[in-house]
Amino acid sequence: MPDARLPTIAVLATGGTIAGAQAESASHAYRAGALAVGHLLDAVPGLGQLAHIQAEQVASVGSQNMSHAVWADLAQRIDALCSDPSIDGIVVTHGTDTLEETAYFLSLVIRQDKPLVLVGAMRPATAPGADGPANLYHAVALAGCAAARGRGPLVVMNEDIHYAREVQKIACAGINAFASPNRGRAGVMRSAQACFFSRNDTVHGRASVFTLQALQAAGWPRVEVVHAGVGLGADLIDFLSSRARGIVLAGVGDGNATNAALQALQRAAADGVAVVRASRTGSGRVGRNIEVDDDAAGFIAGGELSPQKARILLMLGLALTQDPAELQGFFDRY
Ligand code: GLU
């Protein structure tokens with residue numbers, strides 16, 4: 001007889017290292033997304049005392065291959081589950097490489113309040129000391145927690161809770177690979193208990209103006225990132241400006257680049273390409289008109305968003321407007 005006091009949590013699996021299998025446990029090599037969702041759930045001790053689980057396999061990819069098509073499927077499924085009164089919360093298992101991008105995307109297009117938690121693992125499921133089972137335990141507990149409502153998608157890794165807008169993968173190996181460099185962690189998990197340190201006061205969820213439908217109708221506007229460094233020339237930017245609707249500069253320091261690159265970006269902006277200046281440094285806030293004259297060049301300052309998140313916001317923004325001033329408004333608020 002099911003325990004009626006327990007929440008019902010939908011677990012949507014997409015692949016990643018959390019579902020990764022090695023040929024043998026001492027091997028460095030493994031295949032991400034090799035194991036099905038049932039296998040992941042069976043490996044978590046005590047899960048049945050936390051929640052009733054309803055599991056679905058949405059995709060089986062390493063998240064380097066996450067795609068617009070899977071994002072659309074995921075967003076539609078999450079939206080339906082949010083409207084289903086029999087579901088209390090949702091967990092998405094995901095590869096760690098692009099987990100922050102999916103979380104941020106969902107924070108802008110899922111206009112609902114139900115707890116939504118994304119989780120991954122740095123070690124394959126077959127490795128000694130696999131971190132997936134503990135992370136999944138925390139994710140299910142968090143998704144069943146009333147305090148998680150209305151905060152937008154949360155990411156739980158290594159006992160830390162992060163807001164979707166803030167979280168970044170900051171290391172390519174090791175279980176402590178996620179941080180929220182600008183505003184800090186949202187909170188921590190202590191066993192099955194969530195403890196929040198802060199509110200999420202940036203725009204997300206119900207307050208977002210963005211929709212999957214508008215994005216699809218606009219054909220997922222193409223936005224590319226150009227990574228700045230010593231000697232960056234104009235040719236790559238000139239090439240992109242005839243192909244992309246938006247360019248994000250992963251600039252040095254405060255979103256800066258060589259004169260040649262900035263002049264090429266100014267030409268792109270004059271041709272109607274939306275140009276966002278972000279920083280390659282990993283934290284801080286890129287503001288308008290500090291070293292670069294954004295007003296004269298027609299640029300948008302990327303604020304606190306990493307280049308990879310600026311790319312997502314610009315894509316969603318371009319589905320609604322091409323006007324740099326309106327796009328700047330999104331970067332000021334989201
Ligand atoms: N590249 C794979 C992915 O993102 C493995 C990395 C991971 O999940 O930790 O799915």
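Counting begins at 1 with the first residue of the sequence. Each ligand, and each atom within it, is numbered from 1 in the order the structure gives. Remember, it's a predicted structure, so these values are computed and weren't measured experimentally.
Of all atoms in ligand 1, numbered sequentially from 1 with element shown, those under 4.0 Å from a heavy atom of Tyr30 are 5 (C), 6 (C). Ligand-side atoms of ligand 1 in range of Ala121: 7 (C), 8 (O), 9 (O), range being under 4.0 angstrom from any heavy atom. Taking every heavy atom of Gly95 and a limit of under 4.0 angstrom, the matching atoms of ligand 1 come to 3 (C), 4 (O), 8 (O), 10 (O).
Note: no N/O pair closer than 3.5 Å links Val61 and ligand 1 by distance alone. The distance criterion of under 3.5 Å between nitrogen or oxygen atoms is not met by Lys169 with respect to ligand 1. The distance criterion of under 3.5 Å between nitrogen or oxygen atoms is not met by His94 with respect to ligand 1. Polar contact with ligand 1: present for Gln64 (N/O pair, distance under 3.5 Å).
Atom 5 (C) of ligand 1 has its nearest heavy-atom neighbour, among Thr17, Asp131, Thr14, in Thr17.
The structure places OG1 of Thr211 at 11.0 Å from CG of Leu108, a figure rounded to the nearest 0.5 Å. Expressed to the nearest 0.5 Å, how far CZ of Arg77 lies from CD1 of Ile110 amounts to 11.5 Å. Here the NE2-OG1 distance, from His39 to Thr126, works out to 7.5 Å after rounding to the nearest 0.5 Å. The structure places CG of Leu74 at 7.0 Å from OG1 of Thr14, a figure rounded to the nearest 0.5 Å.
Thr17 and Tyr30 are linked by a side-chain donor-acceptor pair at a separation below 3.5 angstrom, with hydrogens and angles left out of the test.
With respect to atom 4 (O) of ligand 1, the closest heavy atom belonging to the protein is Ser63 OG, 2.6 Å. Regarding atom 1 (N) of ligand 1, its nearest protein heavy-atom neighbour is Asp97 OD2, 2.5 Å. Summary of contacts: the protein heavy atom closest to atom 9 (O) of ligand 1 is Thr96 OG1, 2.4 Å.
Using a 4.5 Å cut-off between side-chain heavy atoms of Ile, Leu, Val, Met, Phe, Trp and Tyr, with links allowed through other members, Val117 and Leu106 fall into different hydrophobic clusters.
Between Asp294 and the choices Arg288, Gln328, Arg277, the side-chain hydrogen bond (donor to acceptor under 3.5 Å, both in side chains) rule is met once, by Arg277.
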Residues Glu166, Arg185; criterion salt bridge (Lys or Arg N to Asp or Glu O under 4.0 Å); working and verdict: CA-CA 8 Å; Glu166 309 305 324; Arg185 290 174 297 181; over 6 Å; no
